[in-house]
Amino acid sequence: MELFKYMEKYDYEQLLFCQDKESGLKAIIAIHDTTLGPALGGTRMWMYNSEEEAIEDALRLARGMTYKNAAAGLNLGGGKTVIIGDPRKDKNEAMFRAFGRFIQGLNGRYITAEDVGTTVADMDIIYQETDYVTGISPEFGSSGNPSPATAYGVYRGMKAAAKEAFGSDSLEGKVIAVQGVGNVAYHLCRHLHEEGAQLIVTDINKEAVQRAVEEFGAKAVDPNDIYGVDCDIFAPCALGGIINDQTIPQLKAKVIAGSANNQLKEPKHGDIIHEMGIVYAPDYVINAGGVINVADELYGYNRERAMKKIEQIYDNIEKVFAIAKRDSIPTYKAADRLAEERIETMRKSRSQFLQNGHHILSRRRGR
Ligand SMILES: NC(=O)C1=CN([C@@H]2O[C@H](COP(=O)(O)OP(=O)(O)OC[C@H]3O[C@@H](n4cnc5c(N)ncnc54)[C@H](O)[C@@H]3O)[C@@H](O)[C@H]2O)C=CC1
Ligand SMILES: CC(C)CC(=O)C(=O)O
């Protein structure tokens, strides 16, 4: 990949490579856009097949955070970190302390949190080195694990999508196929079960599947079979790129609404599902509950205030559908328009984030 060419194409600000031999840290921090404020986005730890794959993931996820934070109405820009390694074997305290010092060196341009492969315990270690970390333990007055908040936002957004597709936002009796029943989807399934939905689940982790079967009466299917099951709603809650040339012809759902980041393999797949009449709730709008929750820590965490904002994901999804109709475009493009319009409006009145400017972080310093 020609890095500067790619960064120029999508207007990235900064890409950092952080290495610490003693602890084995190999981290890539990507900062996409700080027009709205400091870049906030989680840290993913994953066994990438190559450094190039890790860089691509960091860049793509960082840009997604710019759009997610903008569409959610947060005064935050977009960034993300990937750490190369096996989260089950390669973690150690020194690694996250070293990573925390690298973040501190950015002086507030980037704030981290959890993502796939990292936990509240990891954020607590990072917090020993820097204030620019969220999703830390409630014992520190913070919001803890963002997954239940993400799940609640997806549940609210799914209701809005159901209203668009079926004329009612009730999920009672709806058949919902959930791909991946990890941290987010476990809580999502709980909300759906409580509302009387019928669940079909899959996961490569058999224990996770068993838990959903036992607690929510879900029916289990093999991972390859989830796309073609008879259902009303498909909820992708594992990894990205799963709406693609191979999976689209199998889909029977009328709605796609789930937590996974970067669900569309390529933009053209958003066009294809639009033409098929599938109501797609764009990933970064529906899965913003976690970032809304951790971002509230920057004001001194208030759960009630955060949950109120997460509830509004229902309205944000409705806004996206309205723009899609107004401009006769697919919903994934409408979401981009919502985010870009907000960034452009703000760009006119402020430029890059300045730590010593007046900003939410200046309120946090006195904590
Ligand atoms: N945790 C959060 O608050 C947020 C998560 N997301 C996104 O939501 C998705 C899920 O996140 P988490 O629940 O935190 O991750 P997780 O790692 O706890 O759950 C993902 C689950 O998917 C399963 N899985 C992986 N590959 C699979 C496959 N091919 N078929 C079926 N299952 C498979 C895993 O075994 C795991 O149980 C990710 O894409 C993440 O980036 C987005 C916003 C916030
Ligand atoms: C705090 C995280 C849930 C934010 C993030 O990285 C994401 O929404 O993907």
Side-chain angles (χ1 to χ4, degrees), residues 29-30 32 39-47 57-58 60-69 71-72 74 76-82 87-88 110-120 122-123 133-136 142-154 157 177-189 200-212 220-227 234-242 244 246-247 257-263 282-298 306 310 313:
I29 303 174
H32 176 245
L40 172 54
T43 295
R44 177 170 292 195
M45 187 163 181
W46 195 251
M47 291 169 293
D57 208 27
R60 204 160 169 230
L61 288 164
R63 184 162 171 260
M65 290 308 301
T66 297
Y67 281 79
K68 184 181 304 195
N69 294 337
L74 300 172
L76 292 163
K80 201 93 166 187
T81 300
V82 303
R88 289 163 304 180
Y110 170 67
I111 305 167
T112 199
E114 294 86 348
D115 192 72
V116 175
T118 58
T119 63
V120 176
D122 301 331
M123 298 307 125
V133 53
T134 55
I136 42 185
S142 299
S143 67
N145 180 359
S147 302
T150 302
Y152 185 58
V154 173
V178 183
Q179 181 184 44
V181 266
N183 287 319
V184 174
Y186 170 75
H187 294 281
L188 173 64
C189 286
I200 301 174
V201 301
T202 196
D203 199 295
I204 49 173
N205 176 346
K206 289 195 168 55
E207 284 164 21
V209 171
Q210 194 51 31
R211 185 166 68 154
V221 297
D222 282 343
N224 288 334
D225 296 338
I226 195 74
Y227 306 104
F234 173 48
C237 298
L239 296 175
I242 46 71
N244 57 46
Q246 283 71 44
T247 59
S259 74
N261 279 313
N262 298 335
Q263 293 171 23
D283 45 16
Y284 65 75
V285 182
I286 196 169
N287 74 10
V291 76
I292 293 170
N293 200 48
V294 299
D296 199 84
E297 287 181 26
L298 303 173
I310 293 166
I313 287 178

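Each ligand, and each atom within it, is numbered from 1 in the order the structure gives.
The N/O atoms of K80, backbone and side chain alike, include one that comes under 3.5 Å of an N/O atom in ligand 2. By the 3.5 Å distance cut-off applied to N or O atoms, N287 is not counted among the residues near ligand 2. When only interatomic distances are considered, the shortest N/O to N/O separation between V291 and ligand 2 does not fall below 3.5 Å.
Close approach to G41 involves these atoms of ligand 2, each under 4.0 Å from a residue heavy atom: 6 (O). Short contacts between ligand 2 and V294, defined as distances under 4.0 Å to a heavy atom of the residue, involve ligand atoms 1 (C). Each of the following atoms of ligand 1 lies closer than 4.0 Å to a heavy atom of G180: 22 (O), 32 (N). If you number the atoms of ligand 1 from 1 as listed, the ones under 4.0 Å from a heavy atom of D115 come out as 41 (O). The atoms of ligand 2 that sit less than 4.0 Å from any heavy atom of D115 are 6 (O), 9 (O). Near K68, meaning under 4.0 Å from one of its heavy atoms, ligand 2 places the atoms 7 (C), 8 (O), 9 (O). The atoms of ligand 1 that sit less than 4.0 Å from any heavy atom of P146 are 3 (O).
For A208, no heavy-atom contact with ligand 1 is shorter than 4.0 Å. Residue contacts with ligand 1, taken as heavy atom pairs separated by less than 4.0 Å, involve T150 solely via side-chain atoms from C-beta onward. Heavy atoms of K68 found under 4.0 angstrom from ligand 1 belong exclusively to the side chain. Using a 4.0 Å cut-off between heavy atoms, A288 makes no contact with ligand 1 at all. When non-hydrogen atoms are compared, ligand 1 lies under 4.0 Å from neither the backbone nor the side chain of V291. Heavy atoms from both the backbone and the side chain of N183 come within less than 4.0 Å of ligand 1.
At a threshold of 4.5 Å between non-hydrogen side-chain atoms, the residues V116 and W46 count as touching. Annotation: side chain of I111 is not in contact with side chain of E297 (no heavy-atom distance under 4.5 Å). Side-chain contact between L188 and C237: present, with at least one pair of heavy atoms (C-beta onward) separated by less than 4.5 Å. K68 places a side-chain heavy atom less than 4.5 Å from the side chain of N287. Between S143 and D296, the closest side-chain pair of non-hydrogen atoms is not below 4.5 Å. Looking only at side-chain heavy atoms (C-beta outward), N293 and Y152 stay at 4.5 Å or farther from each other. Here the side chains of D225 and T202 are not in contact, with every heavy-atom distance at 4.5 Å or above. T81 is listed as a side-chain neighbour of I29, based on a closest heavy-atom distance under 4.5 Å.
Between atom CG of residue D203 and atom CG of residue D222 there is a gap of 12.0 Å, rounded to the nearest 0.5 Å. Taking CG from D57 and NZ from K80, the interatomic distance works out to 9.0 Å, rounded to the nearest 0.5 Å. I136 contributes atom CD1, which lies 9.5 Å from atom CD of E114 (distance to the nearest 0.5 angstrom). Considering CG of L239 and CD of Q179, their distance stands at 8.5 Å, rounded to 0.5 Å. The structure places CG of D122 at 12.0 Å from CG of D115, a figure rounded to the nearest 0.5 Å. Of the inter-residue distances, the one linking Y284 atom OH with N69 atom CG reads 11.5 Å to the nearest 0.5 angstrom.
Between A238, P87, G42, P223, it is A238 that holds the heavy atom closest to atom 24 (N) of ligand 1. Which of N261, V184, L188 comes nearest to atom 13 (O) of ligand 1 through a heavy atom is settled by distance: it is V184. When the options A151, G289, S259, A149 are ranked by their closest heavy atom to atom 7 (C) of ligand 1, first place goes to S259.
In this structure, G135 has no heavy atom closer than 4.0 Å to ligand 2. For R44, the heavy-atom gap to ligand 1 drops under 4.0 angstrom. For the pair N261 and ligand 2, a heavy-atom separation below 4.0 Å is found.
Among protein heavy atoms, atom 2 (C) of ligand 2 sits closest to E114 O, 3.4 Å. The single protein non-hydrogen atom nearest to atom 26 (N) of ligand 1 is I204 CD1, 3.7 Å, given as residue, atom name and distance. Given atom 15 (O) of ligand 1, the protein heavy atom at minimum distance is V116 CG2, 3.9 Å. The nearest heavy-atom contact from the protein to atom 37 (O) of ligand 1 is D203 OD2, 2.7 Å. In terms of protein heavy atoms, atom 10 (C) of ligand 1 is closest to C237 O, 3.3 Å. Shortest contact from atom 43 (C) of ligand 1 to any protein heavy atom: N287 O, 3.6 Å. For atom 19 (O) of ligand 1, the nearest protein heavy atom (residue, atom name, distance) is G182 CA, 3.3 Å. A113 CB, 3.4 Å is the protein heavy atom nearest to atom 1 (C) of ligand 2.
Of the possible donor and acceptor atoms, one in the side chain of Q263 sits under 3.5 Å from a partner among the backbone N and O of G258.
Inspection of the T247 and N244 side chains reveals an N or O donor paired with an N or O acceptor under 3.5 Å.
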